[in-house]
Amino acid sequence: MTDSTRILDAYESETPARDAAGDEPRAAGGGGGPSAREPLVVAGLYVASILGALVVSAILVVVATDGSARDVFTALLDGSLRSPGAWGLTLTTAAPLLLVACGSIVSTRAGLINIGQEGQVLIGSCFAAYVAVRLGTPGWSVVVLSLLAGAVGGGAWAGVAAGLRRWRRVPEVLTTLLLTFISFPLITYGLSQSWLLADRNTERRNQLNTGEQLPSDALLPDLRVFGNDIDTGFFIALGLTLALAWMIARTVLGVRIGMLGLNPRAAQRFGVSSERLTTWALIGAGATAGAAGGVLLTGGAAGDRLVFGFAGNFGWDGLLIALLARNRLLVAIPMAFVFAMLRTGSSFLAATGVNRTMTDVVQALLVLALLVPPAILFVRDRRRSLRAAAEDGV
Amino acid sequence: MNEQAPAAVSVRGLTKTYGATVACDRVDLDLRRGEIHGVLGENGAGKSTLMKVLIGLVQPDAGVIEIRGRAERIHEPSRADELGIGMVHQHFSLVDELRVWENVVLGDKRRLDRTAARELVGSIGERYGLRVDADARVGDLTAGLRQRVEIIKCLRRDPDIVIFDEPTSVLTPQESEQLFDVLRVAVEREGKAVALVSHKLGEVRRATDVVSILRRGKLVESGATADFDARSLARAMVGRDVSLRGEASALGAVEEAEAVAHHAPLGGEHAPPDSVATEVVHALAVRNLVVERRGHRVLDHVDLTVAPGEIVGVAGVEGNGQVELADVLASLVEVDDGSVEVDGVAVPTGVAGAMGRAGVGQIPEDRHDAGCVLDMSVAENLVLSEFGVGQGLRRVDRSAMRARATELIDRYEIHCSGPDAPFRSLSGGNQQRVVLARELSADPTVLIAAQPTRGLDVGAIEFMEGQLADAAASGIGVLLISSELEELLHLSHRIVVMHAGRIVGEMDHADADIERIGLLMAGVDVDASPVAEGVGAGAGDAS
Amino acid sequence: MDFFHALGDIFSAEALYISTFQLGVLFAFAAGGEWVAERAGTLNISVEGMLLAGAFGAVVGNHLVANSAAGLLVGALFGLAVGALQANLSHRLTANEFVVGLALNVLVLGLTAFLMTSFDIGGARASTWTILLLSEIPLVGEALFARPWPGYLVYSLVPLLWLLVYRTRWGLEVRAVGEDPQAADVSGIHVNARRRQAVYLVGLTSGIGGAFFVLGQVGSFQSGMINGRGFIVLAAVIFGGWTLRGTMTGCALFGLVEALTIATSVQGYRIDPFILDAAPYAVALAVVLLFAARVRQPRALAVPFVRGLT
């Protein structure tokens, strides 16, 4: 199951590339096991391409600004790890990213292409905000209900796409994307209506589409470790990711999800209902994204109230993490941490005189860099297995 | 043969190895203008590698290729084009959504000219007797017509040398005859050199002038086809004497299979209880099955029964509803009308896993389609159906799974590095054994075998056929869907013929007759019209 | 009655049609290219980044040569550069096209914002060409015939794309590659090369679209100026059911919707902008929903092809 040729996503392995004139379509692959040098080759490729991305970033800093590249990287590290309380903040920031990623990974494994996480996060945070601000249930129940509401909201939003896929056979790759862009004005609307999310106190004076401040009960408690405040949300995300990893690797449900992604027709034949399970996988992915919205709101990683532009690309980044982790849940954990580092680190950039948009550039370059080694390995393995297939189809 | 003129293609000492496997071992081959040259061999004999070298898909390790007397290196397919070598592929090179003329000129380099392209389709059709509507969407055409488009596509550049790769697998016997007429026109009127690559010795005897037989990468015999009889061809191909009775079907020798048709079928010692079939509970009863797709009936009121212990063969040209029938019985398709009963109990269609749970095993036509999960292990593939039942949140018992897999690997002689080997790494024959092992070990009431021997070599075919016969002998009802008539005649107690989604004929093994089945396959109403007219009607129907 | 009155007011304003045209041009260039890329099998979500790169290129080119034609050219080249990255990463190295697209969008957004703060490149505007008489047509005359000069390019874009896709060999191959890459491959077509070229095309046209947005509409570069319009482009292709005519209709419609947002607020009508903002996507969603059975996407859309890699 952890074969290195087990490519990125289910939809890639779904399309058997036929050897043009072979007797056997794709008869045998993976000629020859990995050699002892293999891990070194892989590690070397990764190191080289990540270094490449950092060098390009450094050159950009030097050429385009007066700043020094060294200062920039120092600032990024200070902001994300070294300054007091920094790594706690980084972990807190990683929580919603990881939540989005873990749901996406499960749905991708089930053969879905969900690219609407940003909208699912937003809708989730709206539901969470509504519950937190308007229901006013007592004590800690607010925050629990608020997170649940987030999950329900995100799940419902993804559920629209799931329903359209199931009953109208509309590809979810289109609907999830479109729904994301419908969610933006929807939030704006919610924020402009005092009966929904708009701040009742400042409504008259302020048209800035600001949500109401959360009551302190509705905030997730922090855990203080070595002088760092780590949001409970992080532990929720970590726990969920580990639980899902266990589910995928060890349970029958995990095998079913894998079957669906790898060969939906075989799954159907052997009793795994593609319709039902993919529907739930998509709704589940939406629910974790929605919960991420809830954690984002109640965990304080994005302020204490819902505002326009609130989700701040957490959804897109979570999707990127999922895809970059190549749908392995355990890989998503460090990946989410790195993305969070760039986010928290960017706040220290101002001191260096370099615009904080630089972190976007660094992040994008890192993403592209992380794409290259597996792609090279894939092309190589592909060539090998083509050779092996030709051998088989003598 | 005229030894003066250089051969159109002359191959000397061609060798190609893949790792330890020698695909072609010092093979010599001469294709001459005006000759149909049969290249006969089992799967894996090296014929396909040899042809891939000729059209530039594979580079040889050693050897000389001379085209019209000049040594050439065919480093890529476009070079083969320039040299006038064309190949008719089996089915992969047409795009359904494009029109016939667009498909015919797909891959050319010249400017796109619709009028010229349509004229080209017409004129080639005229010359070779391959009529087809240039403006039709390829996706709307029948398998036979699609092959015409493939042939026209290949002939459009007027190649001197044309290679046909297993061309008859999608054709009725009558359509195959028409195809051989086309080949005849190509060599006699147009002076081309034609290579007919095949594993069916009957058709090689029927259609070729010269034959070369390959076995395990070596050229074992070559000579005028007339100098061989079926027995000597078979011996050359397999490397030992074969009892034509037992293996004729594997080798595709129609006459020989027909000659044995009046013996009991392989499953035969155990007579199917067809005389008491009305009283017995059918292993499988399909009633009035209707499946529509895009407003068009792909299964049209199909009625079919299989008694316990009976092998029922389903004959028919590919694409006449067999795939849909198999899909219904694999729970992949929901029917629009009709019912399926297994062992007397109605089974809902289109419900995930329902057929399997009711006792329907299936060896699917394309095992990579719904027969396995390539990226799972052998052990997992051996127990796929168990994943579909029960609570999802229970642990997978890996050790039990492995133990069971080890036992099945042993019993079915599956060659693999162990239960954890990736299924993908197995050879085609061994993958098929995994499928067979899983399906038979589930103790099915009825077994659907769709084209179960396709792409396998003779040894694997014998094994598969033996297993099917044994399954029937043990009381399992077997529905054998095949486009290889020889195989059907060899194995079945009863044969039904499908055409255009309907069952158009049914006969007991004793009454089976190739000619009649062929006409039925072509959609000719045999009982209504005399045979001679029937052929004409069949031809008209196909064009 | 008030409602109809308001409607009359809004639709009788020339400004509405001018905005529609301006936005329609942006959409049409990008969607035209995107349509070709999708016909070849790529769901190219970096069109957002391509547009932004084109807009940035317009000010750079104008800054360097002080000429709006240079702006348009550099814009096109910047768009092409994004296309080159997308194409080669996803159709040469077989990286997932969505990851590449998302990363490129972030990269272009970050890079342009970053570079903008580092260099002062100023604004850029193309001159307006007014066609005599035709521009006098009431209501739509100015919208169609008194435009910044690059806007007129859109009149040649549509027939050119049609000819390219339906009447040239390249177009035939693009369609084959998007429907059945395996068959195309066997027929001797270099599948991934065609796909790359189609992505280059969308890079080029989106670059022009983005450049036009600066040169013909805004007059300067702002970091968030494309603001998700690249995704409206995707919606337009979906709306059009992967036909050129439908896609262009979608562009005009979505241009009109956005123009309405501007027009209503200018005239002081309070239509909730959220309805208009959501409209393009909601309409596209409704179209795929209603015509799901009839509208057929290219069969190999977003399905990578991996065999004859180069």
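Chain identifiers are assigned alphabetically (A, B, ...) following the order of the sequence lines, protein sequences preceding nucleic acid strands; residue numbering begins at 1 within each chain.
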After noting the C-alpha distance and the side-chain angles of A:Arg250 and B:Val396, does the key distance pass the side chain to side chain contact (heavy atoms under 4.5 Å, CB included) rule? CA-CA 6 Å; A:Arg250 296 266 179 265; B:Val396 178; over 6 Å; no
Under 4.5 Å from any heavy atom of chain B, what part of A:Met247 do you find: side chain, backbone, both or neither? side chain
Pairs of heavy atoms under 4.5 Å with chain A: top-ranked of B:Arg357, B:Arg438, B:Met355: B:Arg438
What residue, out of B:Arg394, B:Gln362, B:Arg395, has the most heavy-atom pairs lying under 4.5 Å from chain A? B:Arg394
Per-residue contact mode, B:Ser385 against chain A (heavy atom under 4.5 angstrom): both
Are B:Met376 and A:Met259 packed together at the side-chain level, in the sense that at least one heavy-atom pair is separated by less than 4.5 angstrom? yes
Minimum heavy-atom distance A:Asn263-B:Cys372, with the two atoms named: ND2-O, 2.7 Å
Using atom types as modelled and distance alone, determine if a side-chain donor or acceptor of A:Gln268 lies under 3.5 Å from a backbone N or O of B:Ser331. yes
If you count heavy-atom pairs under 4.5 Å with chain B, which of A:Arg276, A:Arg256, A:Glu275 comes out on top? A:Arg256
On a heavy-atom basis, which atom in B:Phe387 and which in A:Val252 lie closest, and how many Å separate them? O-CG1, 3.4 Å
Winner by heavy-atom pair count (cut-off under 4.5 Å) against chain A, out of B:Asp369, B:Asp327, B:Val389: B:Asp369
So, the part of A:Arg269 with a heavy atom under 4.5 Å from chain B: the answer is both
Heavy atoms only: give me the nearest A:Phe270-B:Ala370 pair and the separation to one decimal. CE1-O, 3.7 Å
